[in-house]
Amino acid sequence: MFPYAPWRSLALRKFHNALGVAAATRPTSPVTLVRPHAAARAARFFTERFPGKCLYAVKANPSPDLLRTLWSSGVTHFDVASINEVRLVRAVLPEATLCFMHPVKSAEAVTEAYFEHGVRTFSLDCQEELDKIVAATSSSEGVAADDLWLCVRMRVSSEHSKLSLASKFGIRPEDSAPLLMAARQASDALGVCFHVGSQAMAPQAYVDAIRLVRKAIAEAAVTVDVVDVGGGFPSVYPGMEPTALQHYFDVIEREYEDMPISYSAELWCEPGRAFSAEYASVLVRVEQKKGEILYINDGAYGSLFDAAHVNWRFPTRLIRPEGGDAPEAEFSFFGPTCDDIDFMAGPFLLPEDVRAGDYIEIGMLGAYGAAMRTAFNGFGDSETVEVEDEPMASLYVDLTERPGTGDVVPIFGQN
Ligand SMILES: *Cc1c(COP(=O)(O)O)cnc(C)c1O
């Protein structure tokens, strides 16, 4: 499988844009179009402006090419959640710092990560996981490791986010004092971490979370060396146009400065979506049209999981050499498998004369898109090529011609 086969990093064919790909190759399977320049721009934006260290959350898109692009744009730390992600990033980027931020790990995974891959940072949300990590990183003589960075995962609200991460992991801040004290004893550096939910549409999400965590730290009276505000930074999709990321950074910095932490403490974030969403789009073909429904060759088991299961909307454009000036209409998509749930309600905006044989580019699929592809029902083939045009939307286009605002606002590309 591609994501965990780093040796299979083939030199990608390059095209100018989706139309170039469609005209030259007439693809019969979906094609992932990657834009390294867009990922590099996102990474530089974060590494230059976020007031702390930026980890990339690998699960959003584990493509080795993307990992290398982020690395060469200044991202040195990676949030990994499984032993396969640990092995992958270690193989692709031997010098990267890996942080194992899944709060429920197998002991074997912890041991391999610590002894074979140099992982020192682990997250946890209960005493049992702390005991497991300590045991799994002790020497064969039973001597405990003295170089662990342990991050206690706090449960915070997902109310400002489109996808909740509030119910599965995390200890309630008000119950966390004993765990914070125990983790302090077992660690070289103690961290606190949380996740406000993915696609957080308001900076206030981080304000609320940091305040909850601040109270917990004060109550436990422990010295904290790392405050990790997690992922959740938004990208831009139809109907979801967040305020400028700089506002998120500003409120995080302000709240962080008020925290009762050591002078040498570090602020971290772990964006997945914000680093990778603009990196890829997918070129699909319409196989059949029935009224307002288009049967396309990618779907819920391919790169459109979120479009099917959480009704996410993505920008779309018709890719037809002769163009077209028909007015836009709203369409839904059926994917290629035989399942009824392989359905993406959208609505997706396309010229009303879109028809079988047409190609469509679906944008902003670099995060949680191609990474979710399966081979169910015999589908799942897909090629990857590189393109050099702009993504269909961006949070990172610098509007220097508007001096004084400091804002970067979303743009949606034109057909
Ligand atoms: C998924 C995840 C992230 C990335 O979240 P985004 O919303 O994509 O930024 C970061 N940290 C942890 C622990 C996660 O589980």
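Atoms within each ligand, like the ligands themselves, are counted from 1 in listed order.
Counting heavy-atom neighbours within 6.0 Å of Glu174 CD, excluding the residue itself, gives a total above 12.
By the side chain to side chain contact (heavy atoms under 4.5 Å, CB included) test, Gln288 pairs with Lys290, Tyr295, sequence neighbours left out.
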Give a table of atom pairs where an N or O of ligand 1 lies under 3.5 Å from a protein N or O.
from     : atom 1 : to     : atom 2 : distance (Å)
ligand 1 : 5 (O)  : His195 : NE2    : 2.8
ligand 1 : 7 (O)  : Ser198 : OG     : 2.5
ligand 1 : 7 (O)  : Gly232 : N      : 3.1
ligand 1 : 8 (O)  : Arg273 : N      : 2.8
ligand 1 : 8 (O)  : Tyr368 : OH     : 2.5
ligand 1 : 9 (O)  : Gly232 : N      : 2.9
ligand 1 : 9 (O)  : Gly272 : N      : 2.9
ligand 1 : 11 (N) : Asp79  : OD2    : 3.1
ligand 1 : 11 (N) : Glu270 : OE1    : 2.4
ligand 1 : 15 (O) : Lys59  : NZ     : 2.8

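In this structure, a donor-acceptor pair under 3.5 Å is present between the side chains of Trp268 and Glu266. No hydrogens or angles considered: a donor-acceptor pair under 3.5 Å links the side chains of Asp147 and Tyr114. Side-chain contact annotation: Thr137 with Arg120, donor-acceptor N/O pair under 3.5 Å absent.
Centroid-to-centroid, the aromatic rings of Tyr301 and Phe379 stay 6.0 Å apart or farther.
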